[in-house]
Amino acid sequence: QVQLVESGGGLVQAGGSLRLSCAASGSTFSIDTIDWYRQATGKQREWVASSSSGGTNYTDSVKERFTISRDNAKNTVFLQMNLLKPEDTAVYYCHGRPLVVTDSGRYRYLDVWGQGTLVTVSS
């Protein structure tokens, strides 16, 4: 069983910074890529950033402002958010795809989501 828990959200003024954390627990050894998504009220959930053994990637709207990093020893991924804008306001989710074995002995990837942390940027 794998669980992801986000933290670090809150209220911040435009131009400010926040650091989000995503802590993984359980059988996390099979997880390579951890993603950050966000969903604003009335909007579709969008991918924000990812971190894997192959490197990091960002959506264009957050490049040069957000930085994703990870501490593998602590099974934690961070999202440093700088120069925040009101349009960054959303619930932020972390996501992973652990490889799991079924009762029949077959393997599959499982989508695991955290419950989200709310980021509110005031203008």
Side-chain angles (χ1 to χ4, degrees):
Q1 181 177 343
V2 175
Q3 288 185 315
L4 301 175
V5 179
E6 304 95 336
S7 62
L11 175 64
V12 64
Q13 293 183 353
S17 299
L18 285 173
R19 189 178 75 159
L20 307 183
S21 298
C22 174
S25 61
S27 300
T28 62
F29 67 92
S30 64
I31 300 177
D32 181 41
T33 301
I34 292 291
D35 307 288
W36 283 99
Y37 287 77
R38 67 186 181 187
Q39 187 167 24
T41 301
K43 304 293 184 180
Q44 294 190 81
R45 187 171 299 185
E46 66 171 338
W47 171 80
V48 176
S50 63
S51 174
S52 71
S53 59
T56 60
N57 289 285
Y58 305 90
T59 191
D60 286 343
S61 64
V62 308
K63 286 181 178 178
E64 310 301 327
R65 298 190 298 120
F66 291 9
T67 303
I68 191 170
S69 61
R70 64 198 306 171
D71 185 339
N72 289 326
K74 297 182 178 180
N75 291 321
T76 302
V77 177
F78 305 97
L79 185 67
Q80 180 66 46
M81 309 163 66
N82 299 323
L83 298 173
L84 283 163
K85 305 175 180 179
E87 47 264 46
D88 295 318
T89 296
V91 176
Y92 284 72
Y93 301 89
C94 60
H95 164 265
R97 298 191 71 210
L99 181 65
V100 300
V101 61
T102 66
D103 292 337
S104 63
R106 298 176 180 179
Y107 292 87
R108 66 183 179 93
Y109 286 98
L110 182 67
D111 286 307
V112 178
W113 295 88
Q115 292 187 339
T117 185
L118 176 63
V119 172
T120 302
V121 183
S122 63
S123 60

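The structure displayed is predicted, hence computed values, not measured ones.
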### Task
Sorted by first residue and then second, give each salt bridge (Lys or Arg N to Asp or Glu O under 4.0 Å) pair with at least one member in residues 100-117; sequence neighbours left out.
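For residues 100-117, and leaving out neighbouring residues, the salt bridge (Lys or Arg N to Asp or Glu O under 4.0 Å) pairs sorted by first residue read Arg97-Asp111.
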### Query
Which pairs with one or both residues in residues 114-123 pass salt bridge (Lys or Arg N to Asp or Glu O under 4.0 Å), sequence neighbours excluded?
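Applying salt bridge (Lys or Arg N to Asp or Glu O under 4.0 Å) to every pair that reaches into residues 114-123, excluding sequence neighbours, yields nothing.
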### side-chain hydrogen bond (donor to acceptor under 3.5 Å, both in side chains) pairs, two or more places apart, involving residues 11-21
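Applying side-chain hydrogen bond (donor to acceptor under 3.5 Å, both in side chains) to every pair that reaches into residues 11-21, excluding sequence neighbours, yields Ser17-Asn82.
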### Message
Which residue is it: Ile68, Val62, Val119, Thr67? I am looking for the one with a side chain to side chain contact (heavy atoms under 4.5 Å, CB included) to Leu79.
### Response
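Going through the options one by one, the only one that passes is Ile68.
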### Query
Should Val2 and Ile34 be counted in the same cluster of Ile, Leu, Val, Met, Phe, Trp and Tyr side chains packed under 4.5 Å apart?
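Yes: a chain of side-chain contacts under 4.5 Å links Val2 to Ile34.
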### Query
Are Leu11 and Leu118 in one and the same hydrophobic cluster, where Ile, Leu, Val, Met, Phe, Trp and Tyr link if side-chain heavy atoms are under 4.5 Å apart?
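Each belongs to a different hydrophobic cluster.
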### Message
Between Trp113 (side chain only) and Gln115 (backbone N and O only), is there a donor and an acceptor less than 3.5 Å apart?
### Response
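Not at all, since once roles are kept as given, no pair shorter than 3.5 Å links the two residues.
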I'd like to check the side chain to side chain contact (heavy atoms under 4.5 Å, CB included) partners of [X]; sequence neighbours left out, ordered by chain and number.
X     : result
Ser69 : Phe78
Ser53 : Asp32
Lys43 : Ala40
Leu84 : Val12, Leu18, Phe66, Met81, Asp88, Val121

For the residue pair [X] and [Y], what are the closest heavy atoms and their distance?
X     : Y     : answer
Arg70 : Asn72 : NE-OD1, 3.1 Å
Thr33 : Ser50 : CG2-CB, 4.1 Å
Tyr58 : Ala49 : CD2-CB, 3.6 Å

### Message
Tell me which pairs pass disulfide (SG to SG under 2.5 Å) where either residue lies in residues 37-81, with sequence neighbours left out.
### Response
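Not a single pair qualifies under disulfide (SG to SG under 2.5 Å).
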Any heavy-atom pair between the side chains of [Y] and [X] that's under 4.5 Å?
X     : Y      : answer
Glu6  : Tyr92  : no
His95 : Trp47  : no
Ser7  : Thr117 : no

### Query
Could you state the interatomic distance from CG (Asp35) to OG (Ser51), rounded to the nearest 0.5 Å?
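Asp35 atom CG to Ser51 atom OG measures 9.0 Å (nearest 0.5 Å).
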Using side-chain hydrogen bond (donor to acceptor under 3.5 Å, both in side chains) as the criterion, list what pairs up with [X], not counting sequence neighbours.
X      : result
Lys63  : Asp60
Ser52  : none
Ser123 : none
Glu46  : Arg38

